[in-house]
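Here the structure is laid out as structure tokens; the discussion comes afterwards.
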Amino acid sequence: MPKLPSGVSIVTESALSLIFKDGPRGQFLCLTKDQDGNAKICAVDNNTGDAWTEDFNSLTAALYWLENQAATPNEAETYAAAKAAEQYDDPLREEIDRYIESERAAAQKLADQIEHYVNTAHEGRVTLQTKVAAILRHNKHKEKEQ
């Protein structure tokens, strides 16, 4: 979570109306909801007494807009998305994603093998339970070899 810079205050929605009516100067953040009930971060720059206001989807975008007065709301949202992507590029996160994908692939392979044996269970004398047990033993043995 981004750190709040000095000079930025968090206020309630009711305090926003006071800021708009010749209220205190400064920069403010408030958690609000849009027409559909989705959470938004309302950023208010009242350094000049004009109470410039924008709603954002993330705290990162709201802070970027407050810190970069020439930025448009779209530029702030783009910046926030880029920052989120940087955090996602963390090597540990990539390793975790690879592990999860390998586990999904292994589970799918096992499901495919079981489905194949279910479809052929009536062939010969071998029961379905015997075939599934054999698959599980085989896979466990392969894991030990790795």
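Numbering starts at 1 and runs along the sequence shown. Atom set for the values below is all heavy atoms of this structure, side chains included, hydrogens, waters and symmetry mates excluded.
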Practice task
For side-chain contact (heavy atoms from CB on, under 4.5 Å), just list the numbers for L29 and S9, CA-CA rounded to whole Å, side-chain angles, deciding distance to a tenth of an Å, and then say yes or no.
Solution key: CA-CA 6 Å; L29 295 172; S9 301; over 6 Å; no
Problem - side-chain contact (heavy atoms from CB on, under 4.5 Å) assessment of N46 paired with F28 - result: CA-CA 8 Å; N46 197 30; F28 305 92; 4.2 Å; yes
Exercise for the section: Kindly determine whether T32 and D55 satisfy side-chain contact (heavy atoms from CB on, under 4.5 Å), including the steps that lead there. Expected result: CA-CA 9 Å; T32 62; D55 288 336; 4.3 Å; yes
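Aromatic ring pairs are classed by plane angle as parallel below 30°, tilted from 30° to 60° and perpendicular above 60°; the pair Y79 and Y64 is parallel.
Listed for the D34 side chain is a donor-acceptor partner under 3.5 Å among the backbone atoms of D36. Looking only at distances, no side-chain donor or acceptor of T60 sits under 3.5 Å from a matching main-chain atom of S58. A donor-acceptor contact shorter than 3.5 Å links the side chain of Q27 to the backbone of L66. Judged by distance alone, with hydrogens and angles left aside, the side-chain atoms of D45 form a donor-acceptor pair with the main-chain N or O of N47 at under 3.5 Å.
Side-chain contact of T72 with N74: a donor-acceptor pair under 3.5 Å is absent, judged by distance alone. For the 3.5 Å distance criterion, the side chains of K40 and N57 qualify, holding a donor opposite an acceptor.
Residue L31 holds its CG atom at 9.5 Å from CD1 of I10, rounded to the nearest 0.5 Å.
Side-chain atoms of P24 and I19, non-hydrogen and from C-beta on, do get closer than 4.5 Å to each other.
Pairing each heavy atom of A61 with each of F56, the nearest pair is CB-CD2, 3.8 Å. The two residues W65 and A76 come nearest to each other via the heavy atoms CB-CB, 4.0 Å.
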